[in-house]
Amino acid sequence: MKILLTGGAGYIGSHTAVELSSMGYDVVIADNFSNSNPIVLEKLEKITGKCFPLYKIDVADKAALRRVFEENEIEAVIHFAGYKAVGESVKVPLSYYRSNIDTTLSLIEIMEEFGCKNLVFSSSATVYGKRASLPYSEEMETGPCTNPYGWTKLFIEQIITDYAKANPDFSAVILRYFNPVGAHKSGLIGEDPNGIPNNLVPYISRVAVGNLPYLNVFGNDYPTADGTGVRDYIHVTDLAKGHVAAIDFAAKNSGTEIFNLGTGNGISVLEMVKAYEKACGHEIPYRIAPRREGDIAFCFANAKKAFEILGWKTEFSVDEMCRDSWNWQSKNPDGYK
Ligand code: WQD
């Protein structure tokens, strides 16, 4: 089965390519490298022994995307391509709406032209608005989102759901990620955000490797055990395996199904710092800073549905997430550069 990964050279996409390949799937990658690095393809070949067909294109460019489908018999698509920085989306909302929604509309139109009926979409727990009670469950009401990035994910979920309703033999699986962290056990691929990381673990790993002086802990006055924010961190390899399960499910079903991909456990900022210190073997200096605009105290998944229906559950512990993150960062202090 040939699977197209849009944004497949990115953090989640590249790890998913490894897991799909290990399960015997043929992978094709389309990526414009706006937030990823071409060198990832060489790393993937080292890990898997396979050279994946690569198309350096903007997925919104239908003529370019049509060529991918003309040259490869694509039976399913995992749609990772899209901008994903929450803070940036607040500053440049139009480019987020234009890019994330255009790529999706172009993709579905081309899939229809070629009769490709299986789509897995990379969504996010950010679609659960402030009203949602914990732990977040798939049947809960979504929104209002706290940033344009989150709204694009919610709008795309709606686009896909409506399209699947109008085309009963179409099969869509929407995956709501919680907080992906860690790296492939080889240390050859990992998280390499552009500029100063917004997210906690890549920031901690840059402090651990000496590229940043200390971590700012955004608030220690939340109503949590130690006052710092609690999140559901999931190892990127567990997340990638969830995509393989989703592809298998999509091929056997039709309609739209939504799954949380999380551990169901909450870890605080300071607990993550402690776990990382264990992994890297030295102290992670930090300072308590004011709360970050838009942050919430708790966010974690009800992960039952993915286990009951996909037979998928997470296997890696927080210590293993930090171990693998450190293995990547210490071997690649400047990421892929
Ligand atoms: C985690 C915790 C911060 C950085 C975001 C997106 C979400 C998803 C995952 C794409 C919070 C604290 C962080 C730092 C800190 N992305 N923190 N110092 O905000 O839960 O989710 O990334 O789908 O859509 O919203 O993740 O890693 O930014 O923050 O104290 O330098 O770490 O306050 O409690 P978040 P995060």
Side-chain angles (χ1 to χ4, degrees), residues 7 10-13 35 79-90 96 100 121-130 132 134-136 142-143 145-154 156-157 174-182 191 193-208 211-236 239 242 260-263 265-276 284-301 318 321-322 325:
Y11 175 43
I12 317 289
N35 194 18
H79 183 33
F80 294 104
Y83 296 143
K84 61 171 188 173
V86 168
E88 184 186 54
S89 78
V90 175
Y96 269 69
N100 290 2
F121 174 58
S122 163
S123 190
S124 165
T126 203
V127 303
Y128 293 110
K130 289 199 166 181
L134 288 158
Y136 293 159
T142 50
C145 296
T146 56
N147 55 76
Y149 160 75
W151 281 116
T152 67
K153 289 299 186 183
L154 195 51
I156 293 168
E157 287 194 6
I174 291 170
L175 300 177
R176 290 176 180 164
Y177 304 166
F178 281 71
N179 290 55
V181 297
E191 190 169 13
N194 289 335
I196 304 286
N198 296 304
N199 297 139
L200 179 68
V201 172
Y203 199 104
I204 289 177
S205 67
R206 298 270 177 98
V207 172
N211 286 356
L212 290 168
Y214 57 84
L215 168 72
N216 291 297
V217 175
F218 295 145
N220 67 345
D221 57 351
Y222 285 101
T224 63
D226 62 17
T228 63
V230 170
R231 296 293 184 272
D232 186 333
Y233 297 97
I234 172 172
H235 194 294
V236 65
L239 190 67
N260 287 334
L261 293 188
T263 65
N265 306 313
I267 298 288
S268 76
V269 174
L270 292 182
E271 285 171 329
M272 186 58 85
V273 167
K274 204 178 272 110
Y276 216 97
I284 302 286
Y286 66 84
R287 295 183 185 170
I288 302 298
R291 289 184 178 192
R292 180 173 64 177
E293 176 75 22
D295 272 354
I296 52 179
F298 290 94
C299 172
F300 55 91
V318 176
M321 294 175 207
C322 293
S325 167

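Along the sequence shown, the residues carry numbers beginning at 1. First listed ligand is number 1; within each ligand, the first listed atom is number 1. Note that the structure is predicted; figures quoted are calculated from it, not measured.
- There is a side-chain donor-acceptor pair under 3.5 Å between Tyr128 and Arg176.
- Considering only residues two or more places apart in sequence or on other chains, Thr126 meets the side chain to side chain donor-acceptor pair (under 3.5 Å) condition with none of them.
- Side-chain atoms of Thr228 and Asn220 include no donor-acceptor pair closer than 3.5 Å.
- Between Tyr149 and Glu88, the side chains place no donor N or O within less than 3.5 Å of an acceptor N or O (distance only, hydrogens not considered).
- Not a single ring pair (Phe, Tyr, Trp, His ring centres under 6.0 Å) links Tyr276 to another residue, sequence neighbours left out.
- Under the side chain to side chain donor-acceptor pair (under 3.5 Å) criterion, Asn199 pairs with no residue, sequence neighbours left out.
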Any protein N/O atoms within less than 3.5 Å of an N/O atom in ligand 1? List the atom names and distances, or say none.
{"from": "ligand 1", "atom 1": "18 (N)", "to": "Asn216", "atom 2": "O", "distance (Å)": "2.7"}
{"from": "ligand 1", "atom 1": "19 (O)", "to": "Arg292", "atom 2": "NH2", "distance (Å)": "2.9"}
{"from": "ligand 1", "atom 1": "20 (O)", "to": "Asn179", "atom 2": "ND2", "distance (Å)": "3.0"}
{"from": "ligand 1", "atom 1": "20 (O)", "to": "Arg231", "atom 2": "NE", "distance (Å)": "2.6"}
{"from": "ligand 1", "atom 1": "22 (O)", "to": "Asn199", "atom 2": "ND2", "distance (Å)": "3.2"}
{"from": "ligand 1", "atom 1": "23 (O)", "to": "Ser124", "atom 2": "OG", "distance (Å)": "3.1"}
{"from": "ligand 1", "atom 1": "23 (O)", "to": "Tyr149", "atom 2": "OH", "distance (Å)": "2.5"}
{"from": "ligand 1", "atom 1": "24 (O)", "to": "Ser124", "atom 2": "OG", "distance (Å)": "3.3"}
{"from": "ligand 1", "atom 1": "26 (O)", "to": "Asn179", "atom 2": "ND2", "distance (Å)": "3.1"}
{"from": "ligand 1", "atom 1": "27 (O)", "to": "Leu200", "atom 2": "N", "distance (Å)": "2.7"}
{"from": "ligand 1", "atom 1": "28 (O)", "to": "Asn199", "atom 2": "ND2", "distance (Å)": "3.0"}
{"from": "ligand 1", "atom 1": "28 (O)", "to": "Arg292", "atom 2": "NH1", "distance (Å)": "3.2"}
{"from": "ligand 1", "atom 1": "28 (O)", "to": "Arg292", "atom 2": "NH2", "distance (Å)": "2.9"}
{"from": "ligand 1", "atom 1": "29 (O)", "to": "Arg292", "atom 2": "NH2", "distance (Å)": "3.3"}
{"from": "ligand 1", "atom 1": "30 (O)", "to": "Asn216", "atom 2": "O", "distance (Å)": "3.4"}
{"from": "ligand 1", "atom 1": "30 (O)", "to": "Phe218", "atom 2": "N", "distance (Å)": "2.9"}
{"from": "ligand 1", "atom 1": "33 (O)", "to": "Asp295", "atom 2": "OD2", "distance (Å)": "2.6"}

